[in-house]
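I have placed the structure first, in the form of structure tokens, so that the comments after it can refer back to it.
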Amino acid sequence: MPVVLIVDDEPDIRESVQRWLLSGGMSTCFASDGLDCLTQVAKLCPDLIVMDVLMPRMDGITAIRELRNDSKFAKTPILVLSASLADENEAYIAGANRVLAKPYQGRQLLQVVQELLLDDQCLSDSRVAAN
């Protein structure tokens, strides 16, 4: 069962994302900001991260940069949820795999997460086969 870390400072958003991911057979855990995300990632090694951009203490863009600079998590798929085109561009530059514009449909969120997990599994399988 894939583990997805949901990073958002809004409890209602975390719970909404969680409902959709649970319906897709995934396990979820939470972080309330970028700093909390870095701590949780180190503890849990999630298969994927769903990240908000605007959060206290450390924003999502900075957290993505930190994760991409850590060889252990540099390849962890990251989906950013963004309400701003500027944030979307920054997210891709920082290393996000995909950006989903707010507002989004729950089914769309689930589909993108499943695609990212499948893409990551295919890459993992090809890396194992190559060795």
Side-chain angles (χ1 to χ4, degrees):
M1 175 181 299
V3 175
V4 179
L5 177 61
I6 303 165
V7 186
D8 199 300
D9 59 321
E10 297 286 336
D12 291 344
I13 301 293
R14 289 193 306 255
E15 291 168 13
S16 173
V17 171
Q18 179 187 43
R19 278 192 300 278
W20 280 102
L21 298 180
L22 291 175
S23 77
M26 295 166 216
S27 176
T28 62
C29 46
F30 300 124
S32 58
D33 59 47
L35 282 177
D36 192 20
C37 170
L38 298 178
T39 301
Q40 294 299 326
V41 167
K43 280 192 233 177
L44 305 169
C45 296
D47 298 297
L48 184 137
I49 301 167
V50 176
M51 180 90 67
D52 186 29
V53 175
L54 298 175
M55 296 179 286
R57 297 194 318 152
M58 180 187 286
D59 64 81
I61 301 300
T62 303
I64 293 169
R65 287 187 188 117
E66 292 289 324
L67 291 166
R68 293 306 186 222
N69 285 326
D70 184 328
S71 61
K72 188 172 181 184
F73 307 111
K75 301 291 184 191
T76 302
I78 300 173
L79 168 61
V80 171
L81 305 178
S82 172
S84 154
L85 184 57
D87 289 343
E88 182 176 333
N89 292 333
E90 263 196 272
Y92 280 123
I93 291 167
N97 298 81
R98 293 280 297 273
V99 177
L100 192 57
K102 294 178 182 177
Y104 53 84
Q105 297 294 317
R107 285 189 182 98
Q108 182 184 22
L109 168 74
L110 183 57
Q111 179 181 350
V112 171
V113 167
Q114 289 170 332
E115 288 170 3
L116 285 170
L117 287 169
L118 183 60
D119 288 348
D120 188 56
Q121 183 60 45
C122 291
L123 289 174
S124 296
D125 290 346
S126 66
R127 286 190 291 257
V128 169
N131 290 331

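All values reported here derive from a predicted model rather than from experimental measurement.
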Closest contact, heavy atoms only, [X] versus [Y]:
X     : Y     : value
Pro46 : Thr76 : O-CG2, 3.8 Å
Gly25 : Pro2  : O-CD, 4.1 Å
Val3  : Cys29 : CG1-SG, 4.0 Å
Ala94 : Arg68 : O-CG, 3.6 Å

Leu44 reachable from Leu21 in the ILVMFWY side-chain graph, under 4.5 Å edges:
no
Consider only side-chain heavy atoms of I, L, V, M, F, W and Y, link residues closer than 4.5 Å, and tell whether Leu22 and Leu117 are in one cluster.
no
Is there a donor-acceptor pair closer than 3.5 Å between any side-chain N or O of Ser23 and the backbone N or O of Trp20?
yes
Has the side chain of Arg14 got a donor or acceptor atom that lies under 3.5 Å from a matching backbone atom of Asp8?
yes
List, by chain and number, the other hydrophobic cluster members for Ile78, where Ile, Leu, Val, Met, Phe, Trp and Tyr join if side-chain heavy atoms come within less than 4.5 Å, directly or indirectly.
Leu5, Val7, Leu35, Leu38, Val41, Ile49, Met51, Val53, Leu54, Met55, Met58, Ile61, Ile64, Leu67, Phe73, Val80, Tyr92, Val99
[atom1]-[atom2] distance between [X] and [Y], expressed to the nearest 0.5 angstrom:
X      : Y     : atom1 : atom2 : answer
Asp87  : Leu81 : CG    : CG    : 11.5 Å
Ser32  : Gln40 : OG    : CD    : 8.5 Å
Thr28  : Met26 : OG1   : CE    : 10.5 Å
Gln18  : Ile6  : CD    : CD1   : 5.5 Å
Asp119 : Leu48 : CG    : CG    : 10.5 Å
Glu66  : Asn69 : CD    : CG    : 6.5 Å

With heavy-atom distances below 4.5 Å as the criterion, would you say the side chains of Asp52 and Ile13 are in contact?
no
Hey, which of Leu109, Val4, Leu110 is the one that makes side-chain contact (heavy atoms from CB on, under 4.5 Å) with Val17?
Leu109
Could you tell me whether Glu90 and Arg65 make a salt bridge, using a distance below 4.0 angstrom between a side-chain N and a carboxylate O?
yes
